[in-house]
Amino acid sequence: MGEPDDEITFEFLPLIRCYRSGRVDRLLPDTRVPPSVDAATGVASRDVTIDPATGLWARLYLPDLDGGERKLLPVVVYLHGGGLVVGSAADALEHGFANRLCARARALVVSVDYRLAPEHPVPACYDDAWSALHWAVAAASADPWLRDHGDRERVFVLGYSSGGNIAHNVTLRAGAEELPGGASVKGMALLHPYFMAAKKADGEVKNAWLRGKLEEMWALACGGGRTTAGLDDPRINPVADGAPSLRRLGCDRVLVCLADDELEVRGKAYYDGLLESGWAEDAAELLVSGEDHEYVHRDPDSAKAVVVMDRLAALFGGKN
């Protein structure tokens, strides 16, 4: 009979394996890279601690300021992907994406390294995102980049995959609670957001095994299901019956980008929910690529990835 540590309670290859003892193995290669000055873009990055008590930190990105310009830049709070259980702001693909975004949009990017489940179950990721947003807009922020270059009148929230889920939830919270100094979120962008629902639409499930794992992963992220009502929890299904109206999002503009993946139909339902709740079409944009889930990060020079980056730059309004 195997030891308790050997009993697997959840496995999603090639991402993660969990054991009854509480041990968690993250199976992907460690691709974390240090902050740097990016040779291709001239973007500088550095890591900052936001909350020593929880270990929350972020990687800041500042574009090359030609001639030492002092113009204020839009601030983009970015939330990485990884199903709420893997990933880091320091991962090479995320680092590369943030470098490109910073350079293209001429924005100051705050890439948040939120706590991961199952060690830190939901709502830890949402609390960390809220703390990071608070920190980024705080008038008395001691960080020199944000103090000298960040425009508190142009703050945006951007999330990829599970980070898109967090971006929605933190922006919804921004519609209900005040940020420091009366700051507000000007816009939100969701790249292939991680939303689910108990009831499936026709044609929604493209890969039954993958869909099953994505659904199980939500329960895993919620302490084995202890902190969720299931797949119609408004945090994973924002258009579920009884969910807060999407009109309550604390921003003026929304961009929803969808890929050809297991999340596409739920993402489209989210966009439809925006319009049904009263969002105008010129304030809520939809971009459907027809590409795979990771193409923006893994194939950044492709024509469609460039289109996404251009749309983000247009939303943030930081490119002259």
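This chain uses plain numbering: 1 for the first residue, then up along the sequence. Keep in mind that what you see is a predicted model, and the values were worked out from it rather than measured.
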Report summary line: Smallest heavy-atom separation, Gly81 atom then Tyr114 atom, equals O-OH, 4.1 Å

Query raised in the report: Counting N and O atoms only, with roles assigned by atom type, does the side chain of Asp113 sit under 3.5 Å from a partner on the main chain of Trp57, one being a donor and the other an acceptor?
Result: no

Report task. Apply the test side-chain contact (heavy atoms from CB on, under 4.5 Å) to residues His134 and Leu179: give CA-CA distance (whole Å), side-chain angles for both, the deciding distance (0.1 Å), then the verdict. Result -> CA-CA 6 Å; His134 245 255; Leu179 288 166; 3.8 Å; yes

N/O donor-acceptor pairs under 3.5 Å from side chains in residues 35-43, not counting sequence neighbours:
| from | atom 1 | to | atom 2 | distance (Å) |
| --- | --- | --- | --- | --- |
| Asp38 | OD2 | Thr41 | N | 3.0 |
| Asp38 | OD2 | Thr41 | OG1 | 2.7 |
| Thr41 | OG1 | Val43 | N | 3.2 |

Report task. Mark yes or no for whether Asp25, through its side chain, and Leu27, through its backbone, hold a donor-acceptor pair below 3.5 Å. Result -> no

Query raised in the report: In the single-linkage hydrophobic clustering (I, L, V, M, F, W, Y; side-chain heavy atoms under 4.5 Å), do Ile16 and Ile236 co-cluster?
Result: yes

Report task. Give a yes or no on whether Leu246 and Val185 share a hydrophobic cluster (residues Ile, Leu, Val, Met, Phe, Trp, Tyr; joining criterion: side-chain heavy atoms under 4.5 Å apart). Result -> no

Query raised in the report: Between Asp261 and Leu263, is there a donor-acceptor pair closer than 3.5 Å when you use the side chain of the first and the backbone of the second?
Result: yes

Query - Heavy-atom closest contact (Gly150 atom, Leu72 atom, distance) - result: O-CD2, 3.8 Å

Report task. Inspect the surroundings of CZ in Arg23 and state if more than 12 heavy atoms from other residues, nucleotides or ligands are less than 6.0 Å away. Result -> yes

Query raised in the report: From His149 NE2 over to Leu60 CG, what is the distance, rounded to the nearest 0.5 angstrom?
Result: 11.5 Å

Query raised in the report: Is the backbone of Gly317 close enough, under 3.5 Å, to the side chain of Arg154 for a donor and an acceptor to pair up by distance?
Result: yes

Report task. Would you please name every residue forming a side chain to side chain donor-acceptor pair (under 3.5 Å) with Arg115, sequence neighbours left out? Result -> Asp128

Query raised in the report: With distance as the sole test, does Ser277 use its side chain to make a donor-acceptor pair with the main-chain N or O of Ser245 at under 3.5 Å?
Result: no

Report task. Under the side chain to side chain donor-acceptor pair (under 3.5 Å) rule, collect the residues that match up with Lys213, sequence neighbours excluded. Result -> none

Query raised in the report: For Leu84 and Leu220, what are the C-alpha separation, side-chain angles and deciding distance, and is it a side-chain contact (heavy atoms from CB on, under 4.5 Å)?
Result: CA-CA 9 Å; Leu84 307 177; Leu220 174 70; over 6 Å; no

Report task. Apply side chain to side chain donor-acceptor pair (under 3.5 Å) to Arg235 and list each qualifying residue two or more places apart in sequence or on a separate chain. Result -> Asp233

Report task. Determine whether Leu231 and Asn237 make a side-chain contact, defined as any pair of heavy atoms from C-beta on separated by less than 4.5 Å. Result -> no

If you look only at distance, which donor and acceptor atoms sit under 3.5 Å apart when one is on a side chain in residues 192-203 and the other is two or more places apart or in another chain?
| from | atom 1 | to | atom 2 | distance (Å) |
| --- | --- | --- | --- | --- |
| His192 | ND1 | His293 | O | 2.8 |
| Tyr194 | OH | Leu214 | O | 2.6 |
| Tyr194 | OH | Trp218 | N | 3.2 |
| Lys200 | NZ | Ala198 | O | 3.2 |
| Lys200 | NZ | Glu215 | OE2 | 3.1 |

Query raised in the report: Salt-bridged, Glu285 to Arg253, with N to O below 4.0 Å?
Result: yes

**Report entry** Straight-line distance of His95 NE2 to Ser45 OG, nearest 0.5 Å
**Finding:** 4.5 Å

Report summary line: Thr49 meets the side chain to side chain contact (heavy atoms under 4.5 Å, CB included) criterion, sequence neighbours left out, with Pro52

**Report entry** Distance-minimising heavy-atom pair for Pro118 and Cys18
**Finding:** CG-SG, 4.1 Å

Query raised in the report: With the 4.5 Å side-chain cut-off for hydrophobic clustering, are Val307 and Val254 part of the same group?
Result: no

Query raised in the report: Is Val205 close to Glu262 at the side-chain level, that is, under 4.5 Å between some pair of heavy atoms?
Result: yes

Report task. Determine whether Met188 and Leu286 fall in the same hydrophobic cluster, where Ile, Leu, Val, Met, Phe, Trp and Tyr are linked whenever their side-chain heavy atoms lie under 4.5 Å apart. Result -> yes

Query raised in the report: Are any of the side-chain nitrogens in Asp91 or Arg32 under 4.0 Å away from the carboxylate oxygens of its partner?
Result: no

**Report entry** Non-hydrogen side-chain atoms of Arg59 and Asp47 separated by less than 4.5 Å
**Finding:** yes

Requested in this report: Identify the heavy atoms of Val122 and Cys222 that sit nearest to each other, and give their distance.
Outcome: CB-SG, 3.9 Å

Requested in this report: Could you tell me whether Glu178 atom CD has more than 12 heavy atoms of other residues or ligands within 6.0 Å of it?
Outcome: no

Query raised in the report: Salt bridge between Glu264 and Lys206, side-chain N to carboxylate O under 4.0 Å?
Result: yes

Query - Sub-6.0 Å ring centroid separation between Tyr160 and Phe97 - result: no

Report task. Kindly indicate, with the supporting measurements, whether the criterion side-chain contact (heavy atoms from CB on, under 4.5 Å) is fulfilled by Asp301 and Val306. Result -> CA-CA 6 Å; Asp301 296 325; Val306 170; 5.7 Å; no

Report task. For the pair Thr31 and Leu93, evaluate side-chain contact (heavy atoms from CB on, under 4.5 Å) and give the outcome as yes or no after the intermediate values. Result -> CA-CA 8 Å; Thr31 64; Leu93 285 177; over 6 Å; no

Report task. Check whether any side-chain heavy atom of Asp292 sits under 4.5 Å from a side-chain heavy atom of Glu294, and report yes or no. Result -> yes

Query raised in the report: Would you say the side chain of Phe12 lies within less than 4.5 Å of the side chain of Leu210, judging by non-hydrogen atoms?
Result: yes

**Report entry** Interatomic distance, Ser111 atom OG to His80 atom NE2 [nearest 0.5 angstrom]
**Finding:** 7.0 Å

Query raised in the report: What about Leu258 and Val296, same hydrophobic cluster or not, with Ile/Leu/Val/Met/Phe/Trp/Tyr joined at side-chain heavy-atom distances under 4.5 Å?
Result: no

Query raised in the report: Is the closest side-chain heavy-atom distance between Trp279 and Leu249 below 4.5 Å?
Result: yes

**Report entry** Ser161 side chain to Gly163 backbone, donor-acceptor under 3.5 Å
**Finding:** no

Query - Heavy-atom closest pair, residues Leu190 and His168 - result: CD2-N, 4.1 Å

Requested in this report: State the CG-SG distance between Leu73 and Cys102, to the nearest 0.5 angstrom.
Outcome: 8.0 Å

**Report entry** Neighbour count above 12 (heavy atom, 6.0 Å) for Glu153 CD
**Finding:** no

Report task. Would you indicate whether the side-chain heavy atoms of Tyr126 and Val170 approach each other to under 4.5 Å? Result -> no

Query raised in the report: Going from CG on Leu13 to CH2 on Trp209, what distance comes out if it is rounded to the nearest 0.5 angstrom?
Result: 6.5 Å

Query raised in the report: Which atom pair, heavy atoms only, marks the closest approach of Pro74 to Phe156?
Result: CB-CE1, 4.0 Å

Report task. Indicate yes or no: does Arg173 engage Asp127 in a salt bridge with an N to O separation below 4.0 Å. Result -> yes

**Report entry** Whether Arg152 side chain and Pro180 backbone form a donor-acceptor pair below 3.5 Å
**Finding:** yes

Query - Within 6.0 Å of CG in Asp241, more than 12 heavy atoms from elsewhere - result: no

Report task. Return yes if some donor-acceptor pair links the side-chain N/O of Arg106 with the main-chain N/O of Asp64 below 3.5 Å, else return no. Result -> yes

Query - Electrostatic pair Asp310-Arg104, nearest N-O below 4.0 angstrom - result: yes

Query - Gap separating the CG atom of Leu101 from the CG atom of Leu312, nearest 0.5 angstrom - result: 6.0 Å

Report task. Find out whether Trp135 and Leu56 are in side-chain contact, i.e. whether some heavy atom of one side chain is under 4.5 Å from a heavy atom of the other. Result -> no

Query raised in the report: Would you call Asp143 and Arg147 a salt bridge, using N to O less than 4.0 angstrom?
Result: no

